[in-house]
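The structure presented is a predicted model; accordingly, all values stated were derived computationally and were not measured. Chain naming here is simple, since letters A, B, ... match the order of the sequence lines and numbering starts at 1 in each.
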Number of protein chains: 2
Amino acid sequence: MTVKPLFEVTRMTPEHGQPVAQEADVAVPVAGIQQLLAALQDPVRLEMVRRLVGAGGEAQCKNLYDGIGKSTAAHHFKILREAGITERLTVDGTIHQRLRSDDVAQAAPGLLDAVIGAAQRQAE
Amino acid sequence: MTVKPLFEVTRMTPEHGQPVAQEADVAVPVAGIQQLLAALQDPVRLEMVRRLVGAGGEAQCKNLYDGIGKSTAAHHFKILREAGITERLTVDGTIHQRLRSDDVAQAAPGLLDAVIGAAQRQAE
DNA sequence: CGGTAGGTTCGATGTACGTCGAACCCCTAC
DNA sequence: GTAGGGGTTCGACGTACATCGAACCTACCG
């Protein structure tokens, strides 16, 4: 196996200093409806998305889960990213996840709202 | 193992004669959002639902799938039924599946429309 | 009556996936 | 420099699930 770059797209600016936020994983297209549903179907991932909307669409990874190991969380982040639901971006040195609400809404209009709404209502 | 009734809820009217359609599985509540997504996530089941809407919300089982065995299809029907997405009813002697659009819309407003819409658009 | 078509159940099999621990990387702070 | 926190990757393991064939049931038709 040839050595793979750690972050396929994300590029950390070595520029020291001021809080820099940059785009990441911009090339990843939103997946088809089946993959979207498969991504949102898992309780852990649905909770992650729920917390993301609660946080205004963006949050640090560690704030998006409880009760599971870091490696498991990273696994779920990857699935959400590959489905085009979230993207990874680096804010001020730490990695954040951002909900790609607009992109998903364009690929599947109303889907995210319906899912979030139902999940929210279900959690009282 | 004690003998179980073949159809838990459905009751075939032995009344000979005229086309009779009757309610079935009315007691099954629509499941939570995760179970709904899990049910719709499978390609085979999504296609079944797609064909159901194409058929006006109701169709004979055999018209809802291709390329899989009857037992596999029955398995998928069961999952859709247990999620509250479809119900089984007997029309004129043969079993039909009916989309519980209204019930699902009440449990998860907009979900079914979004999923169907995306699936339809994706299939051109 | 016997046969066929449409559906379901059961049991077995293979694979996909969620989970974890360990090792590693990047960045920041001491 | 040396820790240490935050995230990711890589196996490995266990379970859940989609698939099938066989047996069975019901309704219908010859």
Taking the nucleotide of DNA chain D with the nearest heavy atom to each, does A:Gln41 or A:His96 sit closer to the 5' end? A:His96
Atom [atom1] of [X] to atom [atom2] of [N]: distance rounded to whole Å?
X: A:Ile95; N: C:dC24; atom1: CD1; atom2: P; value: 19 Å
X: B:Gln97; N: C:dT8; atom1: CD; atom2: P; value: 6 Å
X: B:Leu37; N: C:dC17; atom1: CG; atom2: C1'; value: 17 Å
X: B:Lys78; N: D:dC17; atom1: NZ; atom2: P; value: 12 Å
X: B:Tyr65; N: D:dA18; atom1: OH; atom2: P; value: 17 Å
X: B:Leu89; N: C:dG6; atom1: CG; atom2: P; value: 18 Å
X: B:Leu80; N: C:dG7; atom1: CG; atom2: P; value: 15 Å
X: A:Arg98; N: D:dG7; atom1: CZ; atom2: C1'; value: 20 Å

Residue-phosphate contact under 4.0 Å: [X] side-chain N/O, [N] OP1/OP2:
X: A:Gln60; N: D:dG7; value: yes
X: B:Arg81; N: C:dT8; value: yes
X: B:Arg88; N: C:dG7; value: no

Side chains of residues 56-70 of chain A: which donor-acceptor partners sit under 3.5 Å, not counting sequence neighbours?
unit_1  : atom_1 : unit_2  : atom_2 : d
A:Gln60 : OE1    : A:Thr94 : OG1    : 3.4
A:Asp66 : OD2    : A:Arg51 : NH1    : 3.3
A:Asp66 : OD2    : A:Arg51 : NH2    : 2.8

Residues 27-44 of chain B vs side-chain hydrogen bond (donor to acceptor under 3.5 Å, both in side chains), sequence neighbours excluded, gives none
Taking side-chain hydrogen bond (donor to acceptor under 3.5 Å, both in side chains) as the cut-off, I'd like each qualifying pair that reaches into residues 104-124 of chain B, sequence neighbours left out, listed once. B:Arg50-B:Gln120
Using a 4.0 Å heavy-atom cut-off, does B:Lys70 contact any base of the nucleic acid, only the sugar-phosphate backbone, or nothing at all? base
Residues at least two apart in sequence or cross-chain that pass side-chain hydrogen bond (donor to acceptor under 3.5 Å, both in side chains) with B:His75, listed by chain then number, are none
B:Ser71: what forms a side-chain hydrogen bond (donor to acceptor under 3.5 Å, both in side chains) with it, not counting sequence neighbours? none
Closest approach to the side chain of B:Phe77, judged atom by atom: which nucleotide of D:dA18, D:dG7, C:dT8 is it? C:dT8
Proximity to the side chain of B:Arg45 - top-ranked nucleotide from D:dT8, D:dA18, C:dT8: D:dA18
Shorter than 3.5 Å, N or O on both sides, protein versus nucleotides 19-21 of chain D: list them out with atom names.
unit_1 : atom_1 : unit_2  : atom_2 : d
D:dT19 : OP2    : B:His76 : NE2    : 2.4
D:dC20 : OP2    : B:Gly69 : N      : 3.2
D:dC20 : OP2    : B:Thr72 : OG1    : 3.1
D:dG21 : N7     : B:Ser71 : OG     : 3.3
D:dG21 : O6     : B:Ser71 : OG     : 3.0

Going by heavy atoms in the side chains, are B:Val30 and B:Ile85 under 4.5 Å from each other? no
Are A:Leu111 and A:Ile33 side-chain neighbours, meaning at least one heavy-atom pair lies under 4.5 Å? yes
